[in-house]
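Everything on this sheet refers to the single structure shown next.
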Amino acid sequence: MARRNLSSCFLFIILCVQLKISSSQLSSNYYSTSCPKALLTINAAITKALFKERRMGASLLRLHFHDCFVNGCDASVLLDDTASFTGEKTAGPNNNSLRGFDVIDTIKSQLETLCPKVVSCADILAVAARDSIVSLGGPSWVVQLGRRDSTTASLSAANSEIPSPLMDLSDLISAFSNKGFTSEEMVTLSGAHTIGQARCMAFRDRVYNESTILSSFATSLKTNCPNTGGDDNLSPLDAASPFSFDNAYFRNLVNNKGLLHSDQQLFSGASTDSQVTTYSTNPASFRADFASAMIKMGSLSPLTGNDVVFFIIFMLFIGSSSAQLSTNFYDKTCPKVLSTVKSAVKSAVAKEKRMGASLLRLHFHDCFVQGCDGSILLDDTSSFTGEKTAAPNNNSVRGFNVIDNIKSKVEAVCPGVVSCADILAITARDSVVTLGGPSWKVKLGRRDSKSASLSAANSGVIPPPTSTLNNLVNRFRARGLSAKDMVVLSGAHTIGQSRCTTFRARIYNESNIDTSFARSRQGKCPITVGSGDNNLAPLDVQTQNDFDNSYYKNLIKKRGLLHSDQILYNGGSTNSLIESYSKSPNSFNSDFAAAMIKMGDISPLTGSSGEIRKNCRRPN
């Protein structure tokens with residue numbers, strides 16, 4: 001008997017360790033049950049604080065940055081000195097400079113009233129940074145949550161790890177590289193200097209001694225920053241639009257009007273010049289890349305896990321294992337679900353071949369916003385605006401009627417059992433198979449969200465067709481997908497069509513395109529904006545209704561329809577993958593199936609979270 005008890009206890013410990021590892025992942029819906037009003041409360045407080053003082057937006061963003069760069073995003077920057085340690089507030093980069101602590105205190109107080117001891121200060125900083133940017137006209141993004149707070153701080157780390165305004169380009173690249181950022185991401189995050197102010201002591205040497213500064217700009221700064229004295233006098237980092245989050249910062253650099261030495265280093269005849277030039281003329285690209293880089297920064301060494309582990313251990317004691325996806329989830333509760341969905345998909349694709357691509361795209365656009373939770377299917381309600389009218393979806397995403405039809409048939413077989421999120425996952429697989437592509441075992445057990453997020457769908461989490469390679473890699477990485485996953489999932493463009501408005505700039509302005517291919521596309525896509533915007537062209541002109549590897553063959557011939565397609569084969573890091581898939585359809589099929597399984601695992605609602613909708617278009 002003693003031996004049996006020991007064996008059972010050992011198994012229990014193994015389960016606890018496995019779940020502890022998985023619980024250490026951040027999630028966008030971390031507080032959806034424990035503190036559902038957390039995001040609304042923070043947003044309201046930020047709106048009020050910025051209404052009172054516009055500069056506060058930049059201050060709150062800077063707090064998050066200075067926190068994450070010192071021992072990770074753990075809110076150590078907020079800690080006052082104690083008898084056992086000296087905090088980070090008096091470090092050189094922070095002393096008499098960082099501000100906004102009172103705003104964070106107010107938000108924390110409000111959240112403690114709503115849900116005591118639930119929301120961390122580290123998560124408050126991350127959400128406050130995002131909401132500050134949005135309030136000042138910048139992009140939004142889905143903040144990953146679940147960080148815990150540090151119990152100590154490090155003055156020495158704060159003095160050594162936060163980049164200085166006096167740094168040269170090589171030092172900046174190294175400082176960001178030490179935190180896992182590329183030089184491109186360093187440039188992107190530096191764009192935060194489109195808002196905020198700096199003290200005279202931070203830029204005095206530049207305005208009096210440097211040659212890479214517009215003389216009239218330097219003269220204007222000297223008035224408020226004398227050669228001696230006035231150390232704490234402030235000047236805006238972006239004099240053109242100091243309280244608007246835009247791309248004026250990069251235009252300033254091109255004109256030698258960077259306030260700090262470290263700013264102007266980004267445009268000084270070196271490796272980052274081209275990126276600065278791009279952002280100066282393409283605000284959409286900057287916004288999209290900035291959102292991705294902020295998500296990545298928010299993932300710097302967070303403290304996670306312990307409280308969640310205790311809850312999961314308790315759940316194991318009472319025998320709950322429903323929070324795991326499984327390929328046989330409906331074997332007993334709805335054994336005919338797979339055959340029902342498959343039959344409906346085959347019928348829909350037989351009626352219209354294009355529908356296969358549309359159903360696959362629905363699943364993709366669902367998973368990239370808040371996770372695979374069926375939120376994309378929700379119509380607008382009095383309490384929220386859905387995702388259907390978001391820029392990546394409006395007049396583009398389709399197939400809702402097919403999903404409605406499938407849901408109706410499944411409800412007839414087993415009412416209230418199968419989620420709309422799972423239906424999307426199965427229809428994506430069955431659509432690919434129906435068009436000749438690979439099959440895979442779909443993991444099931446997702447539940448449906450009770451709301452949707454227009455702002456999240458608009459925030460750039462869904463990669464736009466104008467994306468750069470770096471932007472694509474970052475967006476997929478933010479969803480836990482590798483660069484290889486990104487390339488193989490892009491192969492879904494071997495089926496489907498795209499609107500003229502998404503590829504017009506490419507066929508008229510880009511040079512890495514086959515001229516005959518460009519001319520053939522121009523026939524149905526006039527150069528004039530507003531003319532033929534919704535005219536369609538196949539993403540793969542050779543075999544638009546066959547799921548094969550022609551997409552990659554097209555890229556090698558410079559016949560990618562979208563900019564974001566051809567950028568995968570444009571002399572960059574993904575060229576070799578494109579060449580491999582163009583020659584090996586079996587390799588593509590195998591990797592695509594694996595990547596689809598991985599994508600289907602993005603932040604599902606399971607267990608008691610969410611609901612099983614009766615109608616996919618509205619919450620119960």
Side-chain angles (χ1 to χ4, degrees), residues 46 49-50 52-81 85-107 121-122 124-126 128-129 132-133 136 150 153-167 171-172 175-176 179 186 189-208 221 224-226 228-239 242-243 245 249 258-266 294 297 300:
I46 296 299
L50 267 65
K52 184 177 179 180
E53 182 194 11
R54 299 287 281 173
R55 180 189 169 201
M56 186 55 67
S59 299
L60 294 172
L61 173 60
R62 191 162 179 252
L63 265 182
H64 182 44
F65 182 95
H66 281 223
D67 178 46
C68 291
F69 259 61
V70 180
N71 296 331
C73 305
D74 60 1
S76 59
V77 74
L78 302 177
L79 289 169
D80 291 334
D81 298 346
F85 65 81
T86 302
E88 299 162 16
K89 293 181 179 180
T90 56
N94 299 337
N95 196 30
N96 295 321
S97 174
L98 278 191
R99 55 198 298 274
F101 299 106
D102 290 343
V103 175
I104 300 300
D105 291 343
T106 297
I107 294 172
C121 299
I124 291 172
L125 283 176
S132 294
I133 294 298
L136 294 175
S150 169
S154 175
L155 178 68
S156 60
N159 274 321
S160 63
E161 297 183 15
I162 298 172
S164 161
L166 305 178
M167 281 186 169
D171 294 326
L172 288 169
F176 278 77
K179 298 300 178 185
M186 179 273 291
L189 289 171
S190 298
H193 284 182
T194 191
I195 54 175
Q197 301 184 52
R199 292 183 295 163
C200 167
M201 63 181 296
F203 59 85
R204 175 183 285 119
D205 187 64
R206 170 158 166 74
V207 299
Y208 284 95
L221 292 170
N224 198 40
C225 184
T228 56
D231 284 0
D232 293 329
N233 291 352
L234 297 171
S235 288
L237 289 158
D238 167 17
F243 301 118
F245 196 95
Y249 168 80
L259 183 65
L260 305 178
H261 173 82
S262 57
D263 289 331
Q264 196 59 55
Q265 280 290 291
L266 305 185
M294 285 298 294
M297 188 180 79
L300 285 179

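Computed from heavy atoms alone, side chains included, the values below leave out hydrogens, waters and symmetry copies.
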Distance from [X] atom [atom1] to [Y] atom [atom2], nearest 0.5 Å?
X: Leu63; Y: Ile124; atom1: CG; atom2: CD1; value: 12.0 Å
X: Ser190; Y: Phe176; atom1: OG; atom2: CZ; value: 5.0 Å
X: Asn95; Y: Thr90; atom1: CG; atom2: OG1; value: 6.0 Å
X: Arg199; Y: Cys225; atom1: CZ; atom2: SG; value: 11.5 Å
X: Asp238; Y: Thr194; atom1: CG; atom2: OG1; value: 4.0 Å
X: Asp67; Y: Asp74; atom1: CG; atom2: CG; value: 5.5 Å

Full working for side chain to side chain contact (heavy atoms under 4.5 Å, CB included) between Phe203 and Asp263: CA-CA 10 Å; Phe203 59 85; Asp263 289 331; over 6 Å; no

Do you know the tightest heavy-atom contact between [X] and [Y]?
X: Ile104; Y: Ala128; result: CD1-CB, 4.3 Å
X: Gly258; Y: Arg206; result: O-NE, 2.7 Å
X: Asn71; Y: Ser154; result: ND2-CB, 3.5 Å
X: Gly196; Y: Ala58; result: CA-CB, 3.4 Å
X: His261; Y: Met167; result: CD2-O, 3.2 Å
X: Leu166; Y: Ala202; result: CD2-O, 4.3 Å

Can a donor-acceptor pair be found, under 3.5 Å and without considering hydrogens, that links the side chain of [X] to the backbone of [Y]?
X: Arg54; Y: Pro242; answer: no
X: Asn233; Y: Cys200; answer: no
X: Lys89; Y: Leu78; answer: yes
X: Asn159; Y: Gly92; answer: yes

Pair Ile133, Met294 - check side chain to side chain contact (heavy atoms under 4.5 Å, CB included), show working. CA-CA 11 Å; Ile133 294 298; Met294 285 298 294; 5.8 Å; no

Go through the steps for Met56 and Arg99 under the test side chain to side chain contact (heavy atoms under 4.5 Å, CB included), then give the verdict. CA-CA 8 Å; Met56 186 55 67; Arg99 55 198 298 274; 3.9 Å; yes

Let me see the working for Leu125 and Cys73 under side chain to side chain contact (heavy atoms under 4.5 Å, CB included), right down to the final yes or no. CA-CA 9 Å; Leu125 283 176; Cys73 305; over 6 Å; no

Could you check whether the rings of His193 and Tyr249 sit parallel, tilted or perpendicular, using 30° and 60° as the cut-offs?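 Judged by the thresholds at 30° and 60°, the geometry between His193 and Tyr249 is perpendicular.
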
Less than 4.5 Å apart, any side-chain heavy atom of [X] and any of [Y]?
X: Ser132; Y: Phe245; value: no
X: Glu88; Y: Leu98; value: no
X: Cys68; Y: Lys179; value: no

I need the single residue from Leu221, Thr228, Asp231 that forms a side chain to side chain contact (heavy atoms under 4.5 Å, CB included) with Arg204. Which is it?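 In the set Leu221, Thr228, Asp231, the residue that makes a side chain to side chain contact (heavy atoms under 4.5 Å, CB included) with Arg204 is Asp231.
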
